[in-house]
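Working notes, beginning with the structure itself.
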Amino acid sequence: MRVATWNVNSIRSRVGRVVDWMVREDVDVLAMQEIKCKPEQFPLQQFEDAGYEVELHGLNQWNGVAIASRLPIENVSVGFPGVPGFGTVKATAAVPASAVVVDDAGLPVEARALGATINGVEVWSLYVPNGREVGDPHYSYKLEWLARLADVTRRRLADQPDLAIALMGDWNVAPRDEDVWDMALFVNSTHVSPPERDAFNAFFTLGLRDVVRDLDVPGYTYWDYKQLRFPRNEGMRIDFILGSPAFADLVTAASIHRNERKGEGPSDHVPVLVDLELDSALDDDRPMIF
DNA sequence: ATGTCGCCTACGAGGCGA
């Protein structure tokens, strides 16, 4: 099974490229971020014509996450328990108050997390808040969002240590100095600050692994549209697939699809993909969990 | 270079977010 994550930066303006890539690369499951649309605006037909079903969570023109799959999608979760909300998103004609989920503090929850079970594997499409500037309210929101995600992941794995779970998406954190092209330019910047890196590294403490980095796949996953960042290869590595031990054990290969930043109408992010070996579970006498 | 995109509202161009 081939599973990928991709911040598509508007699915409506990118659907041709996205579906073409999925078909060409024989992708079974794709977690998308920044679909930037509501359900009725999602270009579902083009996915279905290519053999994919789609579950999505989109409230408005911001954020939005989706999962497309050739295999049946089960147990869909919108958001995760304890996910913090932010800001003052108001109900409109397009987004009635009844559709706005609020957190314990009454803040509206943004469309940044969608989970599902596919072929026995729990996959998540995550769009971590950007943070904007160190010290900005969006920055503390980002740290809190990551902390709550770590909390719920810790509890999930405490209850089910053998759960194959993949946290995939745009984490908006560059965990290592080599994940940006010039650390000198990022002094006092978001994405590289110690609290953000601590919040990201906390997932490793829970036993998760960066299943792409672990296979020594190099390179960035994002290049800003501005300032010739891609031609100069001035990018950032901020899109990751973090897997529980049971998930990591299934991974046989990984790749970052840099070519998807080229040509007409690219997203500013590229897909990150892993191959999973699931067939062996059907051939031996281990429990049939897949 | 403050260098680009994509969305919104509202029908032109400015505002927002990344």
Side-chain angles (χ1 to χ4, degrees), chain A residues 5-19 21 31-43 46 56-66 84-96 99-100 107-113 125-143 145-146 169-174 179-182 184-186 188-193 196 200 220-240 258 260-272:
Chain A
T5 183
W6 195 357
N7 180 323
V8 297
N9 188 9
S10 172
I11 193 56
R12 284 178 287 173
S13 64
R14 210 84 62 211
V15 60
R17 275 194 79 131
V18 170
V19 173
W21 177 79
M32 288 169 271
Q33 301 85 41
E34 283 208 89
I35 62 171
K36 291 185 171 179
C37 67
K38 292 171 279 190
E40 63 270 26
Q41 298 173 308
F42 192 96
Q46 291 173 74
L56 69 118
H57 178 37
L59 295 172
N60 50 38
Q61 69 269 43
W62 294 296
N63 316 308
V65 282
F86 186 81
T88 56
V89 174
K90 51 281 172 192
T92 65
V95 184
V100 177
L107 300 175
V109 174
E110 299 181 312
R112 296 182 177 275
S125 181
L126 303 170
Y127 180 44
V128 176
N130 175 281
R132 298 196 181 182
E133 305 289 340
V134 174
D136 190 283
H138 292 83
Y139 178 80
S140 20
Y141 167 48
K142 175 183 195 173
L143 295 178
W145 201 95
L146 285 166
D170 176 357
W171 292 75
N172 269 315
V173 177
D179 295 336
V180 298
W181 73 96
D182 183 356
L185 294 176
F186 282 81
N188 299 323
S189 292
T190 186
H191 291 67
V192 301
S193 72
E196 289 166 276
F200 182 85
Y220 302 131
T221 64
Y222 160 86
W223 297 260
D224 200 303
Y225 288 122
K226 295 181 284 190
Q227 298 176 279
L228 299 174
R229 292 299 188 209
F230 184 64
R232 294 175 176 170
N233 196 29
E234 295 173 344
M236 303 171 71
R237 187 174 177 124
I238 54 178
D239 300 271
F240 298 99
R258 189 179 188 280
E260 287 310 303
R261 188 62 177 78
K262 301 177 181 176
E264 288 295 311
S267 171
D268 42 2
H269 295 251
V270 295
V272 179

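Both backbone and side-chain heavy atoms feed into the values below; hydrogens, waters and symmetry mates do not. Residue numbering restarts at 1 for every chain, and letters A, B, ... go by the order of the sequence lines.
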Is a side-chain donor-acceptor pair under 3.5 Å present for A/Ser125 with A/Gln33?
yes
Do A/Lys142 and A/Val128 have side chains that approach each other closer than 4.5 Å (heavy atoms only, starting at C-beta)?
yes
Heavy atoms, side chains only, cut-off 4.5 Å: are A/Phe86 and A/Pro129 in contact?
no
OP1, OP2 of B/dA18 versus side-chain N and O of A/Gln227: anything below 4.0 Å?
no
Give a yes/no answer on whether the side chain of A/Arg132 brings an N or O atom under 4.0 Å of OP1 or OP2 in B/dA18.
yes
Figure out the CG/P separation between A/Asp268 and B/dG3, and round it to whole Å.
15 Å
Would you indicate what A/Tyr222 reaches in the nucleic acid, counting non-hydrogen atoms under 4.0 angstrom: base, sugar-phosphate, or nothing?
nothing
Inter-nucleotide C1' distance (B/dA10, B/dG15), Å rounded:
13 Å
How many whole angstroms separate atom CD of A/Glu34 from atom P of B/dC16?
18 Å
With respect to the phosphate group of B/dG6, does any side-chain polar atom (N or O) of A/Arg14 fall under 4.0 Å of OP1 or OP2?
yes
Roughly, in whole Å, what's the span from CD in A/Glu110 to C1' in B/dA18?
13 Å
Is the number of heavy atoms from other residues, nucleotides or ligands within 6.0 Å of CG (A/Asp182) greater than 12?
yes
Closest approach to the side chain of A/Leu228, judged atom by atom: which nucleotide of B/dA18, B/dG6, B/dG3 is it?
B/dG3
Rounded to whole angstrom units, what separation is found between the CG atom of A/Asn130 and the P atom of B/dC16?
16 Å
For A/Gln33, which contact category applies under a 4.0 Å heavy-atom criterion: base, sugar-phosphate, or nothing?
nothing
Which of these nucleotides, B/dG17, B/dC7, B/dT4, is closest to any side-chain atom of A/Lys226?
B/dT4
So, is A/Arg229 near the phosphate of B/dT4, with a side-chain N or O under 4.0 Å from OP1 or OP2?
no
Using the P atom in both, what is the distance from B/dC7 to B/dT2, to the nearest Å?
26 Å
For the P atoms, the ones on B/dA1 and on B/dG6, what distance do you get once it is rounded to whole angstrom?
25 Å
Given atom NZ of A/Lys36 and atom P of B/dA18, what is their separation to the nearest angstrom?
9 Å
Give a yes-or-no answer on whether the side chains of A/Glu34 and A/Asn7 include a donor-acceptor pair shorter than 3.5 Å.
yes
Whole-Å distance between B/dT2 P and A/Tyr225 OH?
20 Å
If you assign each of A/Gln61 and A/His138 to its closest nucleotide in DNA chain B, which residue comes earlier from the 5' end?
A/Gln61
Could you state the NZ-P distance from A/Lys142 to B/dG17, rounded to the nearest angstrom?
16 Å
Distance check needed: B/dC7 P versus A/Asn63 CG, whole Å only.
14 Å
